[in-house]
Amino acid sequence: DTEVTQTPKHLVMGMTNKKSLKCEQHMGHRAMYWYKQKAKKPPELMFVYSYEKLSINESVPSRFSPECPNSSLLNLHLHALQPEDSALYLCASSRTDRLRNTIYFGEGSWLTVV
Amino acid sequence: SQQGEEDPQALSIQEGENATMNCSYKTSINNLQWYRQNSGRGLVHLILIRSNEREKHSGRLRVTLDTSKKSSSLLITASRAADTASYFCATDGAGNTGKLIFGQGTTLQVKP
C-alpha cells in the first residue's frame, strides 16, 4: 500500500479555473516529486523538491505552479490549463533526492481540462 | 526525454507461465528500479538494483542487471492473473540529481 496520499483522485476543470492538487506523505521523506503521465505513456518528471526547496523544474509551463509548504506536503497549483494538460498527475517521495533511495508513488490525480 | 527502451511492448501469457521483460538504457546509472502500474492506478515499487549488483530476488520476481550491455531484465515466475499490469524500468541517469527516467513500459496480460 502506498503511503503517499493524493487528493483529489479526479478533477475536472475549465480552462479559466484555478485549482490545486495536493500530496501528503508521513514517511519523513525530504524529497518530493510531481510527474505527469499521459495514457499509455511512461511518467514524465515535472518538478523535484529537496528539503522543501525546488531543485528541478523540467521546463514546465508556468500555468503549473508547485508549492512545498512543509516537508510532508506538496501542492500543484493549476491555472489557465489547456485540454492537452489532461493527464494523470503522480506525486512521489523518497528519503532524499539522492537516487540510491526508493521512490514511492501515490495513486495519482486524474485531471481533465474542458 | 526517455532513456529506457522496454521489450516487448506487450506480452500475453497463461497463468502459471513465466514472464520476462527487458529494459535497455543509454547512460551510466547508479541504480535501476522496476515499477508496476495497474490500469489507471499509481506506480508500485517492485525492486531497486544498484549498479554494482548483478541479480536481485523478491518473492516471484528476479531482476538482473548487465551494466556492460546497459540492460536489465525482470522475470516474474509462476504468473497470476493479478500480475496483469504495465511494468516500467526507471533509471537515474548517473546524475544522482533526483531525476528518475522511465522506460516506455511493457504491458503484461496474464490469462486465467
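Residue numbering restarts at 1 for every chain, and letters A, B, ... go by the order of the sequence lines.
- Neither the backbone nor the side chain of A:Q6 comes within contact range of chain B, judged by heavy atoms closer than 4.5 Å.
- More than 12 non-hydrogen atoms from other residues, nucleotides or ligands lie less than 6.0 angstrom from NZ of A:K38.
- A tilted orientation is assigned to the rings of B:H45 and A:Y104, their planes being inclined by 30° to 60°.
- Clustering of Ile, Leu, Val, Met, Phe, Trp and Tyr by side-chain heavy atoms under 4.5 Å joins A:L76 with A:L11, A:M13, A:M15, A:L21, A:M32, A:W34, A:M46, A:F47, A:Y49, A:L54, A:V60, A:F64, A:L74, A:L78, A:L81, A:Y89, A:L111, A:V113.
- Side-chain contact between B:L100 and A:Y35 is present, with at least one heavy-atom pair separated by less than 4.5 Å.
- Looking only at heavy-atom pairs under 4.5 Å with chain B, the residue among A:K41, A:K40, A:Q37, A:K9 that has the most is A:Q37.
- Shown here is A:R63, whose CZ atom has more than 12 heavy atoms of other residues, nucleotides or ligands within 6.0 Å.
- Within a 6.0 Å sphere centred on CZ of A:R30, heavy atoms belonging to other residues, nucleotides or ligands number more than 12.
- Open room surrounds NZ on A:K19; 12 or fewer heavy atoms of other groups in view lie less than 6.0 Å from it.
- Going from atom OH of B:Y35 over to atom CD1 of A:I103 covers 5.0 Å, rounded to the nearest 0.5 Å.
- In this structure a side-chain-to-backbone donor-acceptor pair under 3.5 Å is present from A:E107 to B:G42.
- Sparse packing is recorded around CD of B:Q9, with 12 or fewer heavy atoms of other residues, nucleotides or ligands lying under 6.0 Å away.
- Scanning both residues, A:P42 and B:Q104, for their nearest heavy atoms gives CD-OE1, 3.6 Å.
- Side-chain contact check for A:L88 versus B:Q37: some heavy-atom pair is nearer than 4.5 Å.
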